[in-house]
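Numbers restart at 1 for each chain; the letters A, B, ... are given by sequence-line order, proteins then strands. FYI, side chains are in, hydrogens and waters are out, and symmetry mates aren't considered; it's all heavy atoms of this structure.
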Amino acid sequence: MPELPEVETVKNELLPHVIGSSISHITLLWEGILRQPSPAEFHRHTAGQRVAGLYRRGKYLVFSLQSGDFLILHLKMSGSLIMGGDSPPPKYTRAIIRLDNGRNILFLDPRKFGTMQLVEDSVKVLDKLGPEPLESGFTAEYLVKRLGKRHAPIKAVLLDQKLIAGMGNMYADEALFLAGIHPLTPADRLSPAEVRRLYDAIRQVLKEAIAKKGASVSNYLRPGGQPGTAQTSFKVAHRGGKPCPTCGAAIERIPIRNRGSYFCPLCQPNRIPAGQIGN
DNA sequence: CTATAGACCTGACGGC
DNA sequence: TGCCGTCAGGTCTATA
C-alpha cells in the first residue's frame with residue numbers, strides 16, 4: 001500500500017526520467033481515473049507541457065507543468081507507477097503518461113481507487129493536509145497539543161491526514177509498536193512522555209522505510225519494477241499470529257475503524273479499564 | 001469542531 | 001471444480 005515512504009520513493013526514482021522532458025500525450029485506458037477536468041480539457045492542457053518539477057505532499061504525487069498547472073496523482077491502495085517503453089501495457093494499466101523522450105509512465109491500479117487530476121491551483125487539494133512528519137513543521141509539541149484534543153483511539157487519529165500528512169495503516173502500526181502504545185488507547189489519555197516517544201517512533205519508522213525504498217506487501221513496485229524491502233523489517237504490521245520480535249508473544253489483529261490493526265499484546269499493553277473498550 | 005459508518009473497487013486466499 | 005466470506009485500506013461524503 002503506498003504510504004509516505006512509498007510515494008517518496010516513487011518521486012525520487014521518477015525524477016530523473018521526467019524533469020525537463022515534455023508530456024506528449026496522456027492516454028486514459030480507464031476514464032474513471034480522471035477526477036477533473038473533462039478528458040477533452042485534460043488532453044488539451046497536458047499535451048506538449050514540459051515537466052518543471054515533481055514533488056510529494058502527504059501521499060500525493062505532484063507534477064508541476066510549464067503552464068503553471070499541476071498534475072496531481074494519488075495511488076491509493078493498489079496503484080503503482082512503472083517506467084515502460086512501447087511494448088503493450090500490462091494488465092491493470094489505467095493510464096499512460098507518454099513523454100517526448102520515448103519513455104512512458106504506466107499508472108497500474110488493479111482496484112481502480114487511484115486518481116489523477118489537473119488543477120490550476122494545487123492549494124485546494126493539498127492545503128487540507130497536516131504537516132509533513134519529516135519536516136520542521138512537525139514537532140513533538142505540535143503532536144502533544146493536537147492529540148490532547150482527540151478522544152478517538154490513537155490508531156484512528158494517526159491516520160487522520162489533517163494531523164500528519166502521509167501516515168498510513170502499516171506505519172501507524174509500526175510506530176505504535178515502537179512507542180509501546182496500545183492502538184485503542186484514546187489519544188487524549190497519552191502522557192506527554194508517551195506522545196514524545198510516539199513522535200520519535202513515527203519519524204524513525206518513516207525514515208527507515210524510505211531508506212529501504214518502501215514496503216512491497218501487495219501491489220506496490222518501484223518505477224523500475226523492483227519491490228521495496230521495508231516489509232522485511234516490519235515488527236507487527238501484517239504479521240498476525242507470528243511471534244513478536246521482542247518478546248515472542250503472538251501478534252494480534254483487531255479491527256479499528258474497519259482497518260486491520262496489528263500489535264503485540266505484551267509490548268503494547270491495554271491500559272483501558274474493561275468495559276470502556278468498544279469504540 | 002469531532003467522530004463514525006458506508007461507499008468506492010478487485011484480487012488473493014482459505015474453507016467447504 | 002466452484003462458491004462464499006474475509007482481508008487488503010486511502011479518502012470522500014453523509015450523518016450525528
Side-chain angles (χ1 to χ4, degrees), chain A residues 1-8 10 29-36 56-62 72-81 90-95 107-117 119 122 124-130 133 145-176 183-190 206 209 214-221 227-228 230-231 234 236-242 251-263 276-279:
Chain A
M1 324 294 145
E3 302 179 18
L4 186 153
E6 288 75 29
V7 182
E8 178 72 14
V10 170
L29 289 96
W30 177 66
E31 278 195 359
I33 198 170
L34 185 62
R35 292 225 138 161
Q36 57 173 322
R56 179 194 57 76
R57 177 79 174 95
K59 299 168 196 165
Y60 290 92
L61 195 62
V62 183
I72 304 180
L73 274 52
H74 199 301
L75 301 174
K76 296 286 180 81
M77 274 88 68
S78 62
S80 51
L81 296 176
K91 204 177 176 185
Y92 309 126
T93 303
R94 308 304 184 190
F107 194 146
L108 275 63
D109 187 17
R111 293 178 64 184
K112 295 183 170 176
F113 277 95
T115 64
M116 192 180 258
Q117 53 188 319
V119 296
S122 65
K124 219 185 298 173
V125 178
L126 304 177
D127 235 33
K128 54 181 185 281
L129 298 173
K145 194 172 162 186
R146 293 294 297 269
L147 292 185
K149 296 176 185 168
R150 304 286 292 269
H151 191 64
I154 182 62
K155 172 62 188 297
V157 175
L158 282 181
L159 297 179
D160 182 353
Q161 300 299 296
K162 294 193 292 298
L163 192 81
I164 310 169
M167 276 301 281
N169 202 44
M170 303 181 300
Y171 298 108
D173 280 353
E174 289 298 304
L176 286 170
L184 281 176
T185 313
D188 59 3
R189 289 181 53 148
L190 295 171
L206 293 176
S216 292
V217 295
S218 53
N219 297 282
Y220 163 76
L221 289 175
Q231 73 282 1
F234 280 172
V236 290
H238 296 275
R239 296 193 65 246
K242 299 200 173 84
I251 301 300
E252 288 184 15
R253 178 193 176 276
I254 56 170
I256 299 179
R257 286 271 218 298
N258 263 339
R259 246 158 218 103
S261 288
Y262 297 90
F263 66 102
Q276 289 190 25
I277 309 172
N279 62 312

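With a cut-off of 3.5 Å on both pairing distances, the Watson-Crick and G-U wobble pairs of DNA chain C assemble into stems of 3 or more at B:2-8 with C:10-16, B:10-16 with C:2-8.
Remark: Arg259(A) is not in phosphate contact with dG9(C), judged by side-chain N or O atoms under 4.0 Å from OP1 or OP2. At dG10(C), none of the side-chain N or O atoms of His74(A) fall inside 4.0 Å of OP1 or OP2 (strictly under the cut-off). Look at Tyr60(A) and you won't find any side-chain N or O under 4.0 angstrom from OP1 or OP2 of dG10(C). For Gln161(A) and dG10(C), the shortest distance from a side-chain N or O to OP1 or OP2 is not below 4.0 Å.
If you check dC7(C), dG10(C), dA3(B) against the side chain of Tyr262(A), the one that comes closest is dC7(C). If you check dG9(C), dT11(C), dA3(B) against the side chain of His238(A), the one that comes closest is dG9(C). The side chain of Lys59(A) lies closest to dG10(C), out of dC12(C), dT4(B), dG10(C). Distances from the side chain of Lys112(A) to the nucleotides dG9(C), dT4(B), dC9(B) place dC9(B) closest.
The interatomic distance linking Asp109(A) (CG) with dT11(C) (P) rounds to 13 Å, in whole Å. Atoms NZ (Lys128(A)) and C1' (dC12(C)) sit 9 Å apart, rounded to a whole Å. The interatomic distance linking Ile256(A) (CD1) with dG9(C) (P) rounds to 13 Å, in whole Å. Between the CG atom of Leu108(A) and the P atom of dT10(B) there is a distance of 15 Å, rounded to whole Å. Per the geometry, CZ belonging to Arg257(A) stands 18 Å off C1' belonging to dA8(C), to the nearest Å. Between the CZ atom of Phe107(A) and the C1' atom of dC9(B) there is a distance of 13 Å, given to the nearest Å. Atom P of nucleotide dC12(C) and atom CG of Asn258(A) are separated by 18 Å, given to the nearest angstrom. One can place NZ of Lys76(A) at 8 Å from C1' of dC8(B), the figure rounded to the nearest angstrom.
Residue Arg146(A) is classed as having no contact, given no heavy-atom separation below 4.0 Å to the nucleic acid. If you check every strand for non-hydrogen atoms under 4.0 Å, Arg94(A) touches nothing. Residue contacts shown for Tyr220(A) are absent, as no nucleic acid heavy atom lies under 4.0 Å away. At a threshold of 4.0 angstrom between heavy atoms, the contacts of Lys91(A) with the nucleic acid are absent.
Remark: Lys162(A) pairs with Asp160(A) by the salt bridge (Lys or Arg N to Asp or Glu O under 4.0 Å) rule, at least two apart or across chains. With sequence neighbours left out, the side-chain contact (heavy atoms from CB on, under 4.5 Å) criterion links Ser80(A) to Ile82(A), Leu108(A).
Between Phe113(A) and Leu75(A), every side-chain heavy-atom pair lies at or beyond the 4.5 Å cut-off.
Nearer to the 5' terminus of DNA chain B, by closest-nucleotide assignment, is the contact made by Lys149(A) (compared with the other of Lys149(A) and Tyr92(A)).
In this structure, Glu6(A) contributes its side chain and Ala215(A) its backbone to a donor-acceptor pair below 3.5 Å. A donor-acceptor distance shorter than 3.5 angstrom exists from the side chain of Arg57(A) to the backbone of Leu129(A), with no hydrogens or angles considered. Checked by atom type and distance alone, the side chain of Ser216(A) pairs as donor or acceptor with a backbone atom of Gly228(A) at under 3.5 Å. Put simply, the side chain of Lys112(A) never gets that close to the backbone of Asp109(A): no donor and acceptor are under 3.5 Å apart.
A salt bridge links Asp173(A) to Lys155(A): at least one charged side-chain nitrogen sits closer than 4.0 Å to a carboxylate oxygen.
For Arg111(A) against dA8(C), a side-chain N or O and a base N or O form a donor-acceptor pair under 3.5 Å. Judged by atom type and distance alone, Arg150(A) does not reach the base of dT4(B) through any side-chain donor-acceptor pair under 3.5 Å.
Between dG6(B) and dT6(C), the distance separating the two P atoms is 15 Å to the nearest Å. Rounded to whole Å, the separation between the C1' atoms of dA7(B) and dG9(C) comes to 13 Å.
Note that CD of Gln231(A) and CD of Glu174(A) are 11.0 Å apart. Values are rounded to the nearest 0.5 Å.
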